[in-house]
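Take a look at the structure below.
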Amino acid sequence: MLPLTTLHRHLRWIALAAIVISIVTWTLDLTGLVYTCPYCRVQRSVIGLLGLVMLWPDPRAWPVRWLASALGVLGAVVAATQHFGGWRRLSAGEFKLATPWVVDPFLLSGAALLIITGLVLLLWSWRPAPPR
């Protein structure tokens, strides 16, 4: 597991990775390679917007953290709502992974929930590196 200081040192690269994830998934959506899903669209948008927010010169500023928190709550609620649908189907005995399993909404919404939560927590814990 990476120490938190390593993640802090690479905050900009993590932000760029979030933006790339958003762009790639939006591209898959807009080209019709995946089905249109309003839940997924919100989640991928929030991941990209959090990446943009993390590129702010000083992410410790309260407006940056406030915006990131608001976006994160929106994305987390949408991801949790979609993910809970999978748990509901599982409890009813109707759950079945999509084919191929890598595009299953249950797995993707769980991943989005982890990514969104991680980005917000990383932004809130970030401190500038001490001078060497």
Closest contact, heavy atoms only, V64 versus P59: CG1-O, 3.8 Å
Worked check of side chain to side chain contact (heavy atoms under 4.5 Å, CB included) between V20 and V24: CA-CA 6 Å; V20 167; V24 167; 4.1 Å; yes
Rounded distance [0.5 Å steps], CG in L16 versus CG in L55: 5.5 Å
Same apolar cluster (I L V M F W Y, side chains within < 4.5 Å links), L114/V46: no
Sidechain-backbone polar pair: S125 side chain, L122 backbone, donor-acceptor under 3.5 Å: yes
Inter-residue atom distance I14.CD1 - I19.CD1, 0.5 Å rounding: 12.5 Å
Verify same cluster id: I23, I47 (apolar side-chain graph, 4.5 Å): yes
Validation row: Q43, S22 side chains within 4.5 angstrom (heavy atoms): no
Transitive ILVMFWY side-chain link I115 to V73, under 4.5 Å: no
Side chain H83, main chain F106, donor-acceptor under 3.5 Å: yes
Separation between CZ of R44 and CG of L108, rounded to the nearest 0.5 Å: 9.0 Å
Same apolar cluster: L52 and W13, side chain cutoff 4.5 Å: yes
Test side-chain hydrogen bond (donor to acceptor under 3.5 Å, both in side chains) applied to R88 - qualifying residues, sequence neighbours left out: none
Nearest non-hydrogen partners of T117 and L113, listed with the distance: OG1-O, 2.8 Å
W56, CH2: over 12 other non-hydrogen atoms inside 6.0 angstrom: no
Sub-4.5 Å side-chain heavy-atom contact between L11 and L7: no
ILVMFWY cluster, L28 and W26 together (side-chain gap under 4.5 Å): no
Min side-chain heavy-atom separation W126-M54 under 4.5 Å: no
Between CG on residue L71 and CG on residue L119, distance to nearest 0.5 Å: 11.0 Å
L123 to A68 - nearest heavy-atom pair and separation: CD2-CB, 3.3 Å
Separation of L90 CG from F84 CZ (nearest 0.5 Å): 11.0 Å
Rounded distance (nearest 0.5 Å) linking atom CG of L67 with atom CG of L50: 8.0 Å
For the student: nearest non-hydrogen atoms of Q82 and C37, plus distance: NE2-SG, 3.8 Å
Which atom of W124 lies closest to which atom of R65, heavy atoms considered: O-NH2, 3.3 Å
